[in-house]
Amino acid sequence: MSDEPTADTDRESVDESADASPYTLQRDDDEHRAFWADAVADRVEARDPEEPIVVKGGISPSGVPHLGNVNELMRGYYVAEVLRERGHDVRQVFTADDRDPLRKLPRTLCDLEGELVDLGEVDAGALGRNLGAPYTDIPDPFGCCDSYGDHFSTLIADSADAVDVPIELVSNTELYESGELEDVTRFVLENRDRAREVLSEYQDKVDASYVPFNPICEECGKITETVTDVDLGVEPATVAYRCTDMDAGDRTVDGCGHEGTATLREGKLPWRFEWPAQWKVLGVDFEPFGKDHAEGSWPSGQDVARNVLEIEPPVPMVYEWFTLEGEPFSSSAGNVILVTDVLELIEPAVLRYFFAKDPAKARDFSIERLDQLVDEFDRLEAIYFDEIEADEDETAFAKRVYPLLVDEPRAERVRLPYTFAAVLGMTDDPALREEIARREGHVPDDAPEWAVEGALARVERARTWARRTENEFDYELKRTEIPDHDFDPATEAALAELAEFIEAGHGPEEIQGEIYETAKRYDVDVGEFFGAGYRLFFDEKQGPKLGPFLAKVDREFVVDRLRRER
RNA sequence: GGGCCGGUAGCUCAGUCCGGCAGAGCGUCUGGCUUUUAACCAGACGGUCGCGUGUUCAAAUCGCGCCCGGCCCGCCA
């Protein structure tokens, strides 16, 4: 942290690494990087890591895997990709921290298809009886997976697939049961005095009786906190425990009072030790984490790593949380959105772009204003292909990041502006959509087939967006049935004359003009006359620019509808 | 109480590391597209850079003190 020269070369490595701030993405002597992941990669390389380099993330499979979880995935992914570009072999490991106990009942769950399900629709009683037990020991409420933990781990894996991030999903329970964590667990217990000493700097509750191991009660299956004895002299090593009450959030999970023994595979390390233990066992070189860990888990974690486990902690990076529509993600409050839902609204590349932005800034993911995010992405893409001018910084960022967002940069791609795509979504006729897009100049004449397909795929997404948000683009051509209406005679006569005009065959702008003219001739208020049109075609008071729209819908239908014959 | 991150146009954000004319997109307004009707084009408007203070020829940028929002000091993306 200090620039002062160090006299003792012996201490240099210690000084350099001690108190590593998880916030600073680069040091003073680093060259400036357009993309934060490059700055992180510089620091990972500075460790001179062994191949393969390991990038880790992890979450508790506690419930609906929402967009917040994708943050953890994507932040690691960019660093992994940058390191791969530099010729390194990189593993992106993701732990499902599935030996963690269920602390409270989620109000909302979801099945493997991503359908949200209220807690009341599953066997809530069975879940309630399992409060305090590891996720992997709780039956899957949907009955489709081996356990509650497996169910939601599967969904995490699906999320990673959906954004095309290759991860190795590692079950924490599996690490304990297979014995992979046994040596480090034993080491912590052998050195529990030192462990206590280190952790007591961070947690007041750590006293002389503290034992850094939480056995699973063989009687009731819950994670317990009261270890009464440790015996490392037998094989396998065991701890003796008494199943006591455990604090879990605002409530207490009752212990059953059972006294028994457990092996080191039949329990877990407390989080403050478990995290560094994962670093050691998995050989982690870089780990991003939410800001919640920045001031608690991370300072104690790196201390435990160096002074208990005697390993160098990974390069850290804090990312800010983001909100959904201005509110925190919350499965209990129903403020969640799954990755699969998001991908029905925007292309994967756009979602990936969202997570490429500065991790230090809190952001809002707004479905309402999703068009803004898409516009931003389109701009980045256009800058990448030198189609528009931008300043130095923005250009550098675009050039660096864009190739990481798409499978393959292809200059011939075609993007319809998102809100325009939403307008096209008012009709479900694919040919009509393409025709209007071409007429408006959004599709070049020589655009290849795949590019046109890609452009029109956005129409479906924008249509889904308009429907979901019920916004100003949520109009639907009412083809099958004529909407209820009530016009005065003058309006009816004007509509009849407009029908004749259109039947005779005129262009989009001519029709637009004729709407005004007809209204005037029959002394109908222009606004009301447009309103009548929107009523007939959309069952709404407002809509898209009417002339061009009607000109493109098949003429017979338009004429009949204006005459209110169908 | 102590610590950390953020605060830039109505909105979403770049720019802060490295001090050098305050920027982009959207929105708004005006005009154009044959005549108010949400797509397209042009232009304009829009800012005490959270507040104060120090350093400097020069501060959004560096220092210090505050304010506001969030987070941590139990568990937890």
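The sequence lines fix the lettering, A, B, ..., with proteins before strands; numbering per chain opens at 1.
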So A/Glu72, base contact, sugar-phosphate only, or nothing? Heavy-atom distance under 4.0 Å.
sugar-phosphate
Could you tell me the separation between the CG atom of A/Asp358 and the P atom of B/rG7, rounded to a whole number of Å?
9 Å
So, taking the atom named CD1 in A/Ile367 and the one named CH2 in A/Trp465, what distance separates them when rounded to the nearest 0.5 Å?
10.5 Å
Would you mind telling me which residue lines up with the more 5' stretch of RNA chain B, A/Gly290 or A/Phe530, judged by nearest nucleotide?
A/Phe530
A/Gly57 near the nucleic acid: base, sugar-phosphate alone, or nothing, with a heavy-atom cut-off under 4.0 Å?
nothing
How long is the line joining OH of A/Tyr353 and P of B/rC13, in whole Å?
10 Å
Would you mind reading off the distance between A/Tyr534 atom OH and B/rU36 atom P, rounded to a whole angstrom?
14 Å
Can you see whether A/Gln278 engages A/Asn172 through a side-chain donor-acceptor pair at a distance of less than 3.5 angstrom?
yes
Which of parallel (below 30°), tilted (30 to 60°) and perpendicular (above 60°) describes A/Phe35 and A/Phe397?
perpendicular
With a 4.0 Å cut-off, would you call A/Arg352 and A/Glu347 a salt bridge?
no
Given atom CD of A/Glu376 and atom P of B/rA24, what is their separation to the nearest angstrom?
15 Å
Find the distance A/Asp393:CG to B/rU16:C1' and express it as a whole number of Å.
11 Å
What interatomic distance, in whole Å, is found between C1' of B/rA9 and the corresponding atom of B/rG3?
33 Å
Measure from the side chain of A/Pro417, starting at C-beta and using heavy atoms only, and say which of B/rC26, B/rC75, B/rC40 lies closest.
B/rC40
Distance between C1' atoms of B/rC62 and B/rG19 (Å, rounded)
8 Å
Sugar-phosphate only, base, or nothing, as touched by A/Val70 at under 4.0 Å among non-hydrogen atoms
nothing
Distance, C1' atom - from B/rG70 to B/rU30, rounded to whole angstrom:
41 Å
Mate of B/rC4 across any strand shown (Watson-Crick or G-U wobble, both atom pairs under 3.5 Å) is B/rG70
Distance in Å, A/Arg369 CZ paired with A/Asp364 CG, rounded so as to fall on 0.5 Å steps:
6.0 Å
On RNA chain B, does the nearest nucleotide to A/Gly68 precede the nearest nucleotide to A/Glu394 from the 5' side, or the other way round? Give the residue.
A/Glu394
Does any N or O donor sit under 3.5 Å from an N or O acceptor when you compare the side chain of A/Gln512 with the base of B/rU34?
no
Counting the atoms with a prime plus P, OP1 and OP2 as sugar-phosphate, which does A/Phe397 contact under 4.0 Å by heavy atoms, base, sugar-phosphate, or nothing?
nothing
Could you tell me whether A/Arg272 contacts a base, only the sugar-phosphate backbone, or nothing, with contacts defined as non-hydrogen atoms closer than 4.0 Å?
sugar-phosphate
If we take the P atom in both B/rC29 and B/rA22, what is their distance in whole Å?
29 Å
What is the nucleic acid contact for A/Tyr475, judged by heavy atoms within less than 4.0 Å: base, sugar-phosphate only, or nothing?
base
Length of the CD-P vector between A/Glu295 and B/rC4, whole Å:
7 Å
Pair A/Trp298 + A/Trp271: ring centers closer than 6.0 Å:
no
Please report the distance, rounded to the nearest Å, between CD in A/Gln372 and P in B/rA14.
13 Å
Spacing of the C1' atoms in B/rG47 and B/rA39 (rounded, Å):
31 Å
What nucleotide among B/rC26, B/rA39, B/rC71 has an atom nearest to a side-chain atom of A/Lys291?
B/rC71
Rounded to the nearest Å, what distance is computed from the NZ atom of residue A/Lys361 to the P atom of nucleotide B/rU16?
10 Å
